[in-house]
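See below for the structure under consideration.
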Amino acid sequence: MWLKPEEVLLKNALKLWLMERSNDYFVLQRRRGYREEGGGGLTGLLVGTLDSVLDSTAKVAPFRILHQTPDSQVYLSIACGANREEITKHWEWLEQNIMKTLSVFDSNEDITNFVQGKIRGLIAEEGKHSFAKEDDPEKFREALLKFEKCFGLPEQEKLVTYYSCSYWKGRVPCQGWLYLSTNFLSFYSFLLGSEIKLIISWDAVSKLEKTSNVILTESIHVCSQGENHYFSMFLHINQTYLLMEQLANYAIKRIFDKETFDNDPILDDPLQITKRGLENRAHSEQFNAFFRLPKEETLKEVHECFLWVPFSHFNAHGKMCISENYICFASQDGNLCSVIIPLREVLAIDKTNDSSKSVIISIKGKTAFRFSEVKEFEQLVAKLRLKCGAASTQYHDISTEVPISSESVDPSDDIEVQSLICQKECSKTVNTEALMTVFHPQDLETLNSKTLKEKMKEQSWNILFTECGRGVSMFRTKKTQDLVVRGIPETLRGELWMLFSGAVNDMAANPGYYAEVVEQSLGTCNLATEEIERDLRRSLPEHPAFQSDTGISALRRVLTAYAFRNPKIGYCQAMNILTSVLLLYAKEEEAFWLLVAVCERMLPDYFNRRIIGALVDQAVFEELIRDHLPQLTEHMTDMTFFSSVSLSWFLTLFISVLPIESAVNVVDCFFYDGIKAILQLGLAILDYNLDKLLACKDDAEAVTALNRFFDNVTNKDSPLPSSVQQGSNVSDEKSSHIRVDITDLIRESNEKYGNIRCEDIYSMRCRNRLYVIQTLEETTKQNVLRVVSQDVKLSLHELDELYVIFKRELFFSYYWCLRAPVLKHHDPSLPYLEQYQIDCQQFRVLYHLLSPWAHSANRDSLALWTFRLLDENSDCLINFKEFSSAIDIMYNGSFTEKLKVLFKLHIPPAYTEVKYKDPSKGDELSKEELLYFSQLHVSKPAKEKEAESAKNSPEKVAIYSVFKDTI
């Protein structure tokens, strides 16, 4: 354990301690006589006796670490250990985190002060973790008082947690405390009379990443408004980084995503955010993403255990993860074995009486799973039995629809029956067959080589089903992935897409939902439906299914139903192409739930106005290109080329660039591996064309090379008729180019880039999301400044600073005035100038800060009247153009322009009589009074012409004499 640094005179201590390790700054010692052969002789016996008999030394640990100052006999004890493993762990931490840093100090005194500060910080942090997190311990109260005193933020600002760490100012580390609150990252240090205070708003963070270099073994890099900040020497750096990542993304969502903000109970009340809550939220998001579960699921428990894999006859070591409605298992290496067990499928939960500590879960279809070496397995069995009771009630209508026979039953059968019943009750006809079944039925009498290969594929899958089970609870192994890479058979594609995407769980939890939405959305007319109608006949127009009313009607129903379900997304052009392919292989209702899975879970934020999700994944793709194809990065002068060329790859899952018979194989892999499959395939395509791309002189030539490559990608095993296949229709002119089989290309992408982990992609997505948001915000700012600069005399630099102040005041209101009725959240769908608007209270703050007229006695009234003058549409909000125009006149306007403004401020509609409720406050208006008067509508005088002519009368000289002090 770490010790409060205390002085030790080494000359006297050498008789009782033996040196084991040492370097220029630290010494590791062992108590004489401890674990020595023969007890260490007479000295060892005496030491042992002293330790055993005397109270003052009876509890001395046998190992300790001292900090030594060169040329001094006085050392500082900083750590002790009960065994060699404990003390070695402390020693290694010092070597990895402290040793390289100490060399940058100029004096021994600075070294000693730094070490003392660091050790005290570690002790305080360990003490903090010894308290219950939810009980607001005394240590946290002390930190909260320091946080409030040091930074002076409003009392509404919620401190989430704090850490001891070092902040690097140049090449010198400054030991201090890092405070993480709901809206800010703050750091404070006071050493040797030098104070460092740093406050960074989470919404201003453009880069957040873990880095390492020669001096810093591990540090956290924060980039905000072009400035880089480095924090290091954390006791638990991964935990700290996870929390910082969560808080940064939380702030982004809270400000830039109105729907998420309104619908999320945590985001809606930031004061409820806790360290434990954020950690649990992060783990739940990763859990749902890995197992493709509904986003409402929350990870409740994790148990390390073994799962018996019957067809391989071995126990797979991994973790059992339990949420409200699912029991999931993933092996330690991730790819070896995974299982998803919906509680709606569970029939019984039992435990064994032997020493194996096993839990046996029996599900429909006479399948059982055995989890062994489960800690506290008896309590777990009791909890799961309670959960299954609740689940059986929730899914009662589904589970009792079809009786369980003695033969193996496909777990999805009962769901399909319930769905069919609901569809029959709906007056609107819904297709119950995949379009491929209707338009391309398999001819069993005609067997050619492709048909035989397709039958062999089906046979391979049937063997897998026999071994691993069939349905949502099947074992997913490396063999499953290998079969997916080869291409899923046409007859099984819809079923397995539903299974691997998790859409089968959404449909099971919402029986009859699709039929209801189709009924409700029937006949609706809005912008989304107009765009859908326009694009219906552009969706795979070469395919017979979408040359008929059957396919077009099904496509219309699915897209309209989804636009009705999720008006935030509504309809995006790429959705019609994707949905067309889904309808070919899945039943109509299944296609709808597949679309839900893609848009809301697998490709989040892809299908909206700013396609943020696609831009994020493109940034991830660029990062992977830099890591895996550095020679291509060096050759390309501008990495944005990859973003422009790959946008359609991500939005349509390669459907828009590959022949349909090849693209469906990509969709197979996408539903199994998620975005990882698309990223891997993108890397493989660039790698395959590396030599051609390196030889290209410009972007146009590179695009041509890639398009030619896509035209020559084939699927030699596709059983689709030649009239439907697109790859077979390439012209003779292109036939000289080498054909590439899609199966070989996908296999190569797995072999070369299969080591990219889903966890790494999740982390890269979070990291690049901040960068993408800030880039879009910078674009918005530049567009606003370009428009506004044409109408004002302020310089671009002045406008830039004014915009930053304007936006900061707006965001501060979001932070601490959550329930203000007139405030609107950021809406990127609005024109640039309308995306950020302030109310009268915010305008008053800025008026007092910036206006040269803010020194008059009735400044609140002037601010109110100025706001009413600018608010021409009477919506109680003004945008940046209106705000900057007022500031411009105040500073750069001519005498006449200023006089006109002052005149207008004192006539309706700007002017309104202000009556102060509390005369003791003088001319100061309360927030409530200000908002009330700003919303008060005042009509113009009856003799409007007289009022208008008064503006231009010679009496303006008299008015000037009244307001000359203000000007």
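Predicted model, so just to flag it, every value in this text is computed and none were measured.
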- Measure centre to centre between the rings of Tyr230 and Tyr167, then say whether the value is under 6.0 Å. no
- Hey, can you tell me if Trp2 and His90 have their rings parallel, tilted or perpendicular (30° and 60° cut-offs)? tilted
- Can the ring centres of Phe151 and Tyr179 be said to be less than 6.0 Å apart? yes
- Query: Any chance the side chains of Asp760 and Ser763 put a donor and an acceptor closer than 3.5 Å?
  - Reply: no
- Task: Please work out which of the three classes, parallel, tilted or perpendicular, describes the rings of Tyr163 and Phe234, given edges at 30° and 60°.
- Result: perpendicular
- Do we get Arg30 above Trp17's six-membered ring, with its NZ or CZ under 6.0 Å from the centre and within 45° of the axis? no
- Message: Can you tell me if Glu227 has over 12 outside heavy atoms packed within less than 6.0 Å of its CD?
- Response: no
- Distance in Å, Ser22 OG paired with Leu28 CG, rounded so as to fall on 0.5 Å steps: 9.5 Å
- Item | Under-4.0 Å salt bridge between Asp617 and Arg769 | no
- How are the rings of Trp91 and Phe26 set to each other: parallel, tilted or perpendicular (split at 30° and 60°)? perpendicular
- Query: Would you say Lys357's side chain and Glu376's backbone share a donor-acceptor pair under 3.5 angstrom?
  - Reply: no
- Query: Going by atom types alone, do Lys210 and Asn238 pair a side-chain donor with an acceptor below 3.5 Å?
  - Reply: yes
